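Have a look at the structure below, then the notes.
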Protein chains: 2
Amino acid sequence: MPDAFRLSAFLPYRLAVLSERVSRRLAAEYERSHGLSVAEWRVLVHLSRCGAVSVRDIHICVNLEKPRVSRAVARLEANGLVQKIPGTSDGRLVAISLTEAGTAALAEIVPAALAVEARLRGAVSREDLATFCRVMERMHAVLDDDPQAKPRSRMDLEGLDS
Amino acid sequence: MPDAFRLSAFLPYRLAVLSERVSRRLAAEYERSHGLSVAEWRVLVHLSRCGAVSVRDIHICVNLEKPRVSRAVARLEANGLVQKIPGTSDGRLVAISLTEAGTAALAEIVPAALAVEARLRGAVSREDLATFCRVMERMHAVLDDDPQAKPRSRMDLEGLDS
DNA sequence: CCTGGATCGTTTCAATTGAAATGATATGGA
DNA sequence: TCCATATCATTTCAATTGAAACGATCCAGG
């Protein structure tokens with residue numbers, strides 16, 4: 001065995017550690033102030049952009065399993081942040097959208113979330129950050145070509161910006 | 001609300017998505033061939049470098065909660081990949097180390113794991129990869145200065161290499 | 001000694017998770 | 001029209017998770 005295998009130098013491990021640490025730090029913002037879970041946070045953000053959408057649409061766009069979306073939406077609805085309107089044309093679909101309270105809650109959280117991100121972005125130069133994003137994109141591309149990897153979510157393919 | 005909030009452009013989200021995708025792809029290697037979980041994989045790798053260590057040492061070094069380490073070790077022991085020797089000097093400590101079978105299993109998995117990593121690394125230039133790692137390190141540094149973030153594991157502070 | 005507090009590993013318990021099953025609705029072809 | 005198949009959202013169920021509780025062991029100060 002190549003016994004010089006150092007976990008702390010192994011790319012997948014490093015990614016996982018950083019990602020989890022960032023996620024936890026971010027979650028501290030919306031969990032403490034509004035009692036939201038990661039899934040609920042993602043649903044709210046998605047709804048703020050995409051208006052009234054189905055469970056399936058959320059599932060596909062924000063990398064959450066269908067049951068997880070369903071439960072997140074149920075809790076959000078119970079807390080009045082979201083409303084579910086039975087589909088009109090298609091009886092199976094449910095149109096999920098933000099309520100006033102949901103929009104208000106999101107407006108309270110977003111600045112804090114952007115602040116966390118801004119601190120991360122601010123720690124490196126614009127060029128380095130661009131390189132960082134480009135490398136992430138290339139790694140995704142590697143997995144896109146790998147039949148053993150899970151396909152990428154539709155929405156994660158669109159944006160490559162500063 | 002800044003309604004131009006795009007989840008797919010939000011750094012924590014992008015990190016989470018890439019990290020999970022990479023993790024799953026890697027897990028496919030050791031899960032299918034040896035039925036290992038992420039925790040078990042990390043424990044094995046750590047043991048291959050650090051010889052006989054305690055549960056607490058693993059917990060601190062590889063970013064796994066104590067109960068998770070305890071259970072991973074228990075399963076690994078049940079499968080004969082690991083042995084637990086009660087501490088001699090300190091009766092509380094347990095010396096956990098690889099068995100022959102454990103070493104053999106790891107030797108089978110490591111090449112595949114390194115191959116996955118090599119494909120990711122190979123998709124970008126050496127300079128870009130160096131920048132990528134440097135940016136990850138800077139983001140860690142931001143969290144190191146943030147009292148609301150979980151402290152970094154000891155072992156993740158050591159290596160910054162190519 | 002021996003006793004109070006700290007540390008170690010495990011276990012308990014409640015909550016979360018996702019794969020698979022379910023029920024409900026839609027759609028295309030006979 | 002009617003049935004087979006597909007799709008949507010939810011629910012079931014078994015497994016995993018981590019915080020807290022637990023028993024066991026160590027150690028420092030009296």
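Remember, predicted model here, so these are calculated numbers, not experimental data. Numbered from 1 within each chain, the chains take letters A, B, ... in sequence-line order.
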Starting at atom CZ of A:Arg56, determine the distance to atom C1' of C:dT25, rounded to an integer number of angstrom. 15 Å
Pick base, sugar-phosphate or nothing for B:Ser37, based on heavy-atom distances below 4.0 Å to the nucleic acid. nothing
Measure NE2/A:His59 against P/D:dT10 and give the value in whole Å, please. 13 Å
Nearest whole angstrom, please: distance from the P of D:dC27 to the CG of B:Leu93. 10 Å
Whole angstrom is fine here: how far is it from CG in A:Asp57 over to C1' in D:dT7? 15 Å
Atom CD of B:Glu31 to atom P of C:dG18: distance rounded to whole Å? 14 Å
So, using side-chain hydrogen bond (donor to acceptor under 3.5 Å, both in side chains) as the criterion, who are the partners of B:Gln148 when residues are at least two apart? A:Arg32
DNA chain D contacts made by residues 68-92 of chain B, counting heavy atoms under 4.0 Å: B:Arg68, B:Arg71, B:Arg75, B:Ser89, B:Asp90, B:Gly91, B:Arg92
Would a 4.5 Å heavy-atom cut-off, applied to side chains only, mark A:Arg152 and B:Val17 as touching? no
Can you check whether B:Leu93's main-chain N or O pairs, donor with acceptor, with B:Ser54's side chain at less than 3.5 Å? no
Let me confirm one number: the CG-CG distance from B:Leu36 to B:Leu44, rounded to the nearest 0.5 Å. 6.0 Å
Please report the distance, rounded to the nearest Å, between CD in A:Glu65 and C1' in D:dT11. 16 Å
Distance, rounded to the nearest Å, where A:Lys66 contributes NZ and D:dT10 contributes C1': 9 Å
Tell me: CG of B:Leu64 to P of C:dG9, nearest whole Å? 14 Å
For residues A:Asp57 and A:His46, is any side-chain donor paired with an opposing acceptor at under 3.5 Å? yes
Tell me if a side-chain donor or acceptor on A:Glu40 pairs with a main-chain N or O of A:Ser37 at a distance below 3.5 Å. yes
